Amino acid sequence: DSGVTQTPKHLITATGQRVTLRCSPRSGDLSVYWYQQSLDQGLQFLIQYYNGEERAKGNILERFSAQQFPDLHSELNLSSLELGDSALYFCASSVSGLETQYFGPGTRLLVL
Amino acid sequence: DQQVKQNSPSLSVQEGRISILNCDYTNSMFDYFLWYKKYPAEGPTFLISISSIKDKNEDGRFTVFLNKSAKHLSLHIVPSQPGDSAVYFCAASAGYNFNKFYFGSGTKLNVKP
């Protein structure tokens with residue numbers, strides 16, 4: 001158990017819909033990262049937050065957004081969903097962003 | 001454009017033998033590399049890392065080798081155990097900056113008893 005929690009574990013929705021994925025980092029970790037893993041693909045870095053502020057952006061679509069709240073939990077919002085958005089979405093956390101990251105178990109999103 | 005590539009999607013090894021997982025990268029600015037292990041239904045977990053100032057880093061049964069001129073790194077597991085069966089991802093970053101990691105697509109290792 002990495003100490004990073006993600007909810008929900010599974011999510012099935014339809015094209016055009018909007019969903020919110022939630023992540024609670026390890027106690028004491030200030031940085032939260034979001035990754036997308038599509039079928040047979042590696043992990044694609046989406047975005048990083050540090051203590052409530054956006055720190056870095058990767059290959060995140062404009063339809064996707066994220067935020068980190070004062071209690072340090074983070075949410076990833078995916079809107080106007082397309083079939084190709086079906087993937088595993090991982091959240092990871094670290095103390096300051098300069099060390100290795102601890103990953104949550106992921107949320108599996110299926111867009112039908 | 002994938003900057004980190006793991007060209008072997010799967011590898012099967014007998015228990016007790018050596019497992020060698022390979023990873024190639026294209027960005028010469030990468031100078032920090034990590035290996036993660038992932039079991040089904042779990043997130044990746046950190047295994048071992050290496051910075052570009054070294055060409056080898058060892059941790060128990062796991063050794064990572066870095067060949068900067070070839071832009072190649074490998075993970076050796078000796079001896080392999082059935083519990084090592086998992087998907088292994090390599091990752092790279094540029095600078096001492098873990099904000100952006102680039103991951104390979106993973107290699108599924110099966111260690112047969």
Side-chain angles (χ1 to χ4, degrees), chain A residues 1-10 21 23-26 29-51 53-60 66 68 87-108, chain B residues 1-10 21-27 29-51 57 59 62 64 73 75 86-109:
Chain A
D1 183 0
S2 67
V4 178
T5 59
Q6 288 186 249
T7 56
K9 283 189 177 179
H10 302 277
L21 313 184
C23 169
S24 293
R26 293 188 319 158
D29 284 358
L30 300 179
S31 270
V32 170
Y33 308 76
W34 285 98
Y35 292 87
Q36 178 193 56
Q37 185 185 15
S38 302
L39 189 65
D40 295 332
Q41 298 287 315
L43 290 157
Q44 299 286 330
F45 168 72
L46 295 178
I47 197 165
Q48 180 210 2
Y49 277 82
Y50 175 78
N51 202 21
E53 295 193 1
E54 183 183 303
R55 172 69 67 88
K57 252 184 178 177
N59 300 322
I60 188 165
Q68 186 179 29
L88 259 175
Y89 290 84
F90 287 102
C91 166
S93 73
S94 68
V95 173
S96 67
L98 296 179
E99 308 84 19
T100 55
Q101 302 167 28
Y102 294 84
F103 283 79
T107 292
R108 185 174 292 280
Chain B
D1 179 30
Q2 262 199 300
Q3 300 191 49
V4 178
K5 294 180 182 178
Q6 293 177 257
N7 292 318
S8 298
S10 63
L21 296 99
N22 295 304
C23 179
D24 297 295
Y25 60 95
T26 56
N27 189 338
M29 298 300 292
F30 288 151
D31 58 5
Y32 197 81
F33 306 88
L34 302 92
W35 284 93
Y36 282 82
K37 180 167 73 171
K38 183 183 180 304
Y39 292 117
E42 295 181 12
T45 56
F46 169 72
L47 191 57
I48 192 168
S49 64
I50 189 167
S51 74
N57 189 26
D59 183 2
F62 301 91
V64 56
L73 66 155
L75 175 68
V87 177
Y88 290 79
F89 292 97
C90 66
S93 73
Y96 193 67
N97 176 0
F98 300 126
N99 294 345
K100 293 180 74 170
F101 278 115
Y102 296 86
F103 281 80
S105 54
T107 296
K108 185 173 184 179
L109 174 66

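The sequence lines fix the lettering, A, B, ..., with proteins before strands; numbering per chain opens at 1. Predicted, not measured: the structure shown is a model, and the values here were computed from it.
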**Message:** Counting only non-hydrogen atoms closer than 4.5 Å, does F90(A) touch chain B with its backbone (N, CA, C, O), its side chain (CB onward), both, or neither?
**Reply:** side chain
**Prompt:** Would the F103(B) and Y35(A) ring centres measure less than 6.0 Å apart?
**Reply:** yes
**Asked** For K57(A), is it the side chain, the backbone, both or neither that has a heavy atom under 4.5 Å from a heavy atom of chain B?
**Response** backbone
**Message:** Tell me if the aromatic rings of F89(B) and Y36(B) count as close, with their centers under 6.0 Å from one another.
**Reply:** no
**Message:** For the residue pair Q48(A) / S31(A), report whether a side-chain donor-acceptor contact shorter than 3.5 Å exists.
**Reply:** yes
**Request:** Using a cut-off of under 4.5 Å on heavy-atom pairs, state which of A41(B), G106(B), P44(B) scores highest against chain A.
**Result:** P44(B)
**Message:** Are Y25(B) and Y102(B), when compared by the centres of their aromatic rings, separated by less than 6.0 Å?
**Reply:** no
